[in-house]
Visitor: 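Please read through the structure below; I'll follow up with questions.
Whatever order the structure lists ligands and atoms in, that order sets their numbers, starting from 1. All values derive from a computational prediction rather than experimental measurement.
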Amino acid sequence: MTQALLVVNAGSSSIKFKLYSVNGDDLDLVMGGALDGIGSQPRLKVKDHAGTILVEHDYAVAEISTTEQAQTAIADWLTPHIKDYVIIGIGHRVVHGGSVYSRPVLVDDQVMATLETFIPLAPLHQLGNLDPIRVLRQRRPDLPQVACFDTAFHFGHPELSDRFALPRSLYDEGVRRYGFHGLSYEYVHAALRDIAPDTAHGRVIIAHLGSGASVCCLHEGKSIETTMGFTALDGLPMGTRSGTLDPGVVLHLIEQKGMKPAEVGTMLYKQSGLLGLSGISNDVRALLASDRPEAKMAIDFFCLRVAQAMASLSVTIYGLDGLVFTAGIGENAPEVRARVIEHLRWSGLALDPAANEAPAPSHQRQGNKGRRIDGKESRVPIFVIPTDEERMIGLHTLRLLRQLKHHS
Ligand code: ADP
């Protein structure tokens with residue numbers, strides 16, 4: 001029987017999962033799906049590696065109102081569908097590894113207890129990440145489960161990137177700039193190493209522009225600084241998150257407008273960003289399709305902030321040898337890439353319009369490592385590289401399980 005790995009990427013309102021068969025040191029996608037709309041419109045949809053729909057099923061809200069119920073429903077569906085495979089382990093995305101975990105870790109009771117202490121650092125995400133681990137440890141205590149962290153790639157970045165200009169005692173308590181999207185940066189950097197090894201070794205900026213968005217600068221493959229900080233709220237404006245904000249605005253909302261901290265939290269996480277700016281949508285597709293001035297302003301604002309972040313991070317790494325766009329917007333919105341690069345033209349960056357506008361190859365197709373979109377006159381190569389956080393989690397899980405086997 002073929003060996004396989006399950007990867008679980010759980011958020012607060014959805015659980016994505018992928019099943020990979022093990023192929024030497026690599027992984028082949030067998031199927032991938034998601035149960036989203038947890039607590040609102042729960043729906044399970046699973047496709048095989050070729051994109052054929054295997055199931056599309058709506059649940060009553062009462063049936064799936066928690067991540068635990070969602071994970072149980074996924075496991076119930078998966079059990080008969082994976083009987084041809086021997087599952088050797090499960091890899092999980094966990095947003096926060098705190099200042100403890102610099103690499104993936106095998107989950108046991110003690111690790112679980114440590115991960116729970118990070119819940120206050122990422123209340124929205126961490127809880128959702130840990131629920132499936134709990135459910136699957138109960139259902140399959142025989143299977144090793146590996147936690148892979150969004151923060152780990154930034155672990156060990158310079159102190160100047162790690163601090164806020166706040167009293168030192170807060171830093172010691174853990175109020176640090178951890179940074180996120182690390183699994184995506186790691187995957188994209190590895191793909192860049194395959195297609196442009198010299199560039200990858202140099203000073204690189206990667207823009208992960210999805211419904212969450214951040215930019216990271218790297219040198220010699222290591223994260224040096226990134227725009228997300230203590231929480232995934234910092235830095236760029238996102239679909240519904242504000243990004244960087246004058247902290248005085250938060251004080252104003254609480255002290256002058258009498259808003260409760262939880263209401264401010266909801267505003268900053270769910271009602272701001274592109275949605276707040278435009279009053280129309282959090283989705284770049286809808287904003288690009290709209291001819292309303294608020295939609296144009298929101299896109300202009302986003303593009304300016306992305307370009308500013310790139311310029312600012314290139315100061316941190318004393319220059320730039322390569323630039324990469326990734327994630328939903330970065331991979332699929334040539335208009336956004338063009339407007340971002342327009343802001344940076346003074347620095348010698350330029351796109352090849354035809355290459356930039358060429359349709360993105362299928363996201364799921366294996367071996368699609370990315371493409372160059374810079375113009376001949378560009379001082380620095382510019383790439384679009386599709387990210388695949390689940391594959392990164394799967395590869396980490398496979399490597400860790402093999403190391404553990406080797407040492408046992
Ligand atoms: P996440 O995994 O965080 O949900 P993604 O990386 O899938 O996010 O990005 C989702 C976002 O990408 C959508 O909200 C949408 O704004 C944007 N997006 C996806 N496809 C396109 C497209 N063809 N054109 C413009 N934007 C797109």
Visitor: Can you confirm if the aromatic rings of His57 and Tyr59 lie within a centre distance of less than 6.0 Å?
Guide: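 They qualify: ring centres under 6.0 Å apart.
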Visitor: Is a salt bridge present between Arg292 and Glu294, judged by a nitrogen-to-oxygen distance below 4.0 Å?
Guide: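 Between Glu294 and Arg292 there is a salt bridge, with a charged N closer than 4.0 Å to a carboxylate O.
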Visitor: Could you tell me, atom by atom, which parts of ligand 1 come under 4.0 Å of a heavy atom of Val284?
Guide: 15 (C), 16 (O), 25 (C), 26 (N)
Visitor: Under a 4.0 Å threshold between the charged nitrogen and the carboxylate oxygen, would Asp76 count as salt-bridged to Arg139?
Guide: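 Salt bridge present between Arg139 and Asp76.
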Visitor: Does any N/O atom on His208 come nearer than 3.5 Å to any N/O atom on ligand 1?
Guide: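 For ligand 1, there is no N or O atom that lies under 3.5 Å from one belonging to His208.
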Visitor: Using a 3.5 Å cut-off on N or O atoms only, is Leu209 in polar contact with ligand 1?
Guide: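 No; every N/O pair is 3.5 Å or more apart.
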Visitor: Look at atom 15 (C) of ligand 1 and say which protein heavy atom is nearest, naming residue and atom and giving the distance to 0.1 Å.
Guide: Asp283 OD1, 3.2 Å
Visitor: For a quick test of reading the model, state the closest non-hydrogen atom pair linking Thr2 to Ser21 and the distance between them.
Guide: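 Heavy atoms of Thr2 and Ser21 come nearest at CG2-CB, 3.8 Å.
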Visitor: Considering only the protein, which heavy-atom contact is closest to atom 6 (O) of ligand 1, and what is its distance?
Guide: Gly328 N, 2.9 Å
Visitor: List the closest protein heavy-atom neighbour of atom 11 (C) of ligand 1: residue, atom name, distance to the nearest 0.1 Å.
Guide: Ser211 N, 4.0 Å
Visitor: Heavy-atom contacts with Ile329 under 4.0 Å: which atoms of ligand 1 show up? List them by number with element.
Guide: 12 (O), 16 (O), 17 (C)
Visitor: Is the Lys NZ or Arg CZ of Arg305 less than 6.0 Å from the centre of Phe302's six-membered ring, within 45° of the axis?
Guide: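 Output no; distance or angle outside limits.
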Visitor: Nearest heavy atom to atom 13 (C) of ligand 1 wins, so pick from Glu335, Arg285, Glu331.
Guide: Arg285
Visitor: Could you establish whether Lys16 and ligand 1 come within less than 4.0 Å of each other, counting only heavy atoms on the residue side?
Guide: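 A heavy atom of Lys16 does come that close to ligand 1.
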Visitor: Could you tell me whether some N/O pair between Ala327 and ligand 1 is separated by less than 3.5 angstrom?
Guide: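 By distance alone, the answer is no.
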Visitor: What is the ring orientation for His181 with His208, classed by angle as parallel under 30°, tilted 30 to 60°, or perpendicular over 60°?
Guide: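 Geometry flag for His208 against His181: parallel rings.
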Visitor: Please determine if Asn282 has a nitrogen or oxygen closer than 3.5 Å to a nitrogen or oxygen of ligand 1.
Guide: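 There is no such contact.
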Visitor: Determine, step by step, whether Lys47 and Leu54 satisfy the side chain to side chain contact (heavy atoms under 4.5 Å, CB included) criterion, reporting the C-alpha distance in whole Å, the side-chain angles of both residues, the deciding distance to 0.1 Å, and the verdict.
Guide: CA-CA 5 Å; Lys47 293 180 187 171; Leu54 301 177; 5.8 Å; no
Visitor: Looking at His96, is its backbone amide N or carbonyl O close enough to the side chain of Gln126 to form a donor-acceptor pair, meaning the two atoms are under 3.5 Å apart?
Guide: yes
Visitor: Is a salt bridge present between Arg134 and Glu116, judged by a nitrogen-to-oxygen distance below 4.0 Å?
Guide: yes
Visitor: Check each atom of ligand 1 against the heavy atoms of Ala333 and keep those under 4.0 Å away; list them by number with element.
Guide: 25 (C)
Visitor: Specify the protein heavy atom at minimum distance from atom 23 (N) of ligand 1: its residue, its atom name, and the distance to 0.1 Å.
Guide: Asn332 CB, 3.4 Å
